[in-house]
There are 2 protein chains.
Amino acid sequence: MQSQNISDIIEKYLKSILADAEQVEIRRSEIADLFNVVPSQINYVIKTRFTIQNGYLVESKRGGGGYIRIEKVNLVDDADVLDTLIQVIGDSITQRDAYAVVQSLYEDEVLSQREAQLILVATDRNTLGVDDHDLENSLRARIIIGILNHLRYES
Amino acid sequence: MQSQNISDIIEKYLKSILADAEQVEIRRSEIADLFNVVPSQINYVIKTRFTIQNGYLVESKRGGGGYIRIEKVNLVDDADVLDTLIQVIGDSITQRDAYAVVQSLYEDEVLSQREAQLILVATDRNTLGVDDHDLENSLRARIIIGILNHLRYES
DNA sequence: TTATCTTTGACTAATATTGACTATTATTAT
DNA sequence: ATAATAATAGTCAATATTAGTCAAAGATAA
């Protein structure tokens, strides 16, 4: 019922490969051809759906034999990744990125589904209800980081 | 014969779909065209007739392939208790009172200990980190009410 | 009459798609 | 070795495609 846009479809395609493999390595133009889009759309998909907030690391190389490699990482196992995440969030995070972070924590079984939902509600734009977007994003960052630090102590 | 304004008709149309399906996903402009109204009237119908109080959840996405999804949810048994709490909290609550509310929900087994902790972290003065106490208290109220509203139904 | 509900549309916001231009790396020719 | 060329990927801004907000105007009910 969902996934009407091509970016979502490409996202699903890549994630279906990652469901069975540690990482996926693509040639940008091949995927672009496969889905009949311009090559830069692959960058768009990666930039919006395979960020560190989503729990993915991306490496690439240009030139002959170039590639884009996407790797799924675990946020909890790797303390460095958690630190990186907190650093990336900094003092501001959008609702979209927050969703990605919470989703990742759920996938890594750090949070139950109910806990994840509660955090998303707590950081939802409409819940916070502030006009100023900068304030909204900074509040969201504080809440998410507060919770991440709490989770760290807990374990 | 009841008044059959176009908003009522659109409402019935959507609810007739929801009678057979868990959720309905629409393209705003399509429904608007179907009933010959401006697109924003769909927002009006949703805002007035598909609220969480009535047991509906609404999600949407803009841009290419955008949609509005309406889902019917089951209200939990103690929804009325939560409603009362929501009334009492109003638009402002101190950290101390929030603690009491969360504590009592934990004692009533509405929340697990871990969930309770997460909520307290999210609404902690230091987490929110705003100077203005009125703003702090109103943010805390919004967060807790958002969560209480979420707890009113099962997902 | 007056208060509330409905309808409308101009303006805003979010997300997706595209393509021109740039940057990097590998390969080939000199 | 070095320079030229080919083969990649990256960036960014313009445009397209959705949905959201808000307030004014109109309709209806109390």
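Throughout, a chain's letter reflects where its sequence line sits, starting with A, and its residues are numbered from 1.
Under the side-chain contact (heavy atoms from CB on, under 4.5 Å) criterion, A:E59 pairs with A:R69, sequence neighbours left out. Under the rule for a side-chain contact (heavy atoms from CB on, under 4.5 Å), the partners of B:S112 that lie at least two apart in sequence or sit in another chain are B:R114, B:E115. Listed by chain and residue number, nothing satisfies the ring pair (Phe, Tyr, Trp, His ring centres under 6.0 Å) test with A:Y99 (two or more places apart in sequence, or in another chain). Residues passing the side chain to side chain donor-acceptor pair (under 3.5 Å) test with B:Y153, sequence neighbours excluded: B:H150. Under the side chain to side chain donor-acceptor pair (under 3.5 Å) criterion, A:K61 pairs with no residue, sequence neighbours left out.
Against DNA chain C, the stretch residues 125-142 of chain A makes heavy-atom approaches under 4.0 Å through A:R125, A:H133.
Grouped by direct or indirect side-chain proximity (heavy atoms under 4.5 Å, Ile/Leu/Val/Met/Phe/Trp/Tyr only), B:Y106 sits alone.
For B:N54, the CG atom is densely surrounded, since the number of other residues' heavy atoms within 6.0 Å is greater than 12.
Screening residues 93-108 of chain B for salt bridge (charged side-chain N to carboxylate O under 4.0 Å, His left out) gives no qualifying pairs among residues at least two apart or on separate chains. For residues 146-155 of chain B, every residue pair satisfying the salt bridge (charged side-chain N to carboxylate O under 4.0 Å, His left out) rule, not counting sequence neighbours, is listed here: B:D83-B:R152.
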N/O to N/O distances under 3.5 Å, protein versus nucleotides 3-7 of chain C:
residue, atom, partner, partner atom, Å
C:dT6, OP1, B:R49, NH2, 2.8
C:dT6, OP2, B:Y44, OH, 2.2
C:dT6, O5', B:Y44, OH, 3.1
C:dT7, OP1, B:I6, N, 3.0
C:dT7, OP2, B:S7, N, 3.1
C:dT7, OP2, B:S7, OG, 2.4
C:dT7, OP2, B:Q41, NE2, 2.3
C:dT7, O5', B:Q41, NE2, 3.2

Any protein N or O atoms within reach of nucleotides 10-16 of chain D? Criterion: under 3.5 Å, listing atom names and distances.
residue, atom, partner, partner atom, Å
D:dG10, OP1, A:S60, OG, 2.9
D:dG10, OP2, A:N43, ND2, 2.5
D:dG10, O4', A:R62, NH2, 2.9
D:dG10, N7, A:R28, NH1, 2.9
D:dG10, N7, A:R28, NH2, 3.4

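A straight line from CG of A:N36 to P of C:dA16 spans 19 Å, rounded to a whole angstrom. Atom CD1 of A:I42 and atom C1' of C:dT18 are 13 Å apart (whole Å).
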Side-chain donor-acceptor contacts of residues 27-41 of chain B below 3.5 Å, not counting sequence neighbours, with atom names and distances?
residue, atom, partner, partner atom, Å
B:R28, NH1, B:N43, OD1, 2.6
B:Q41, NE2, B:S7, OG, 2.9

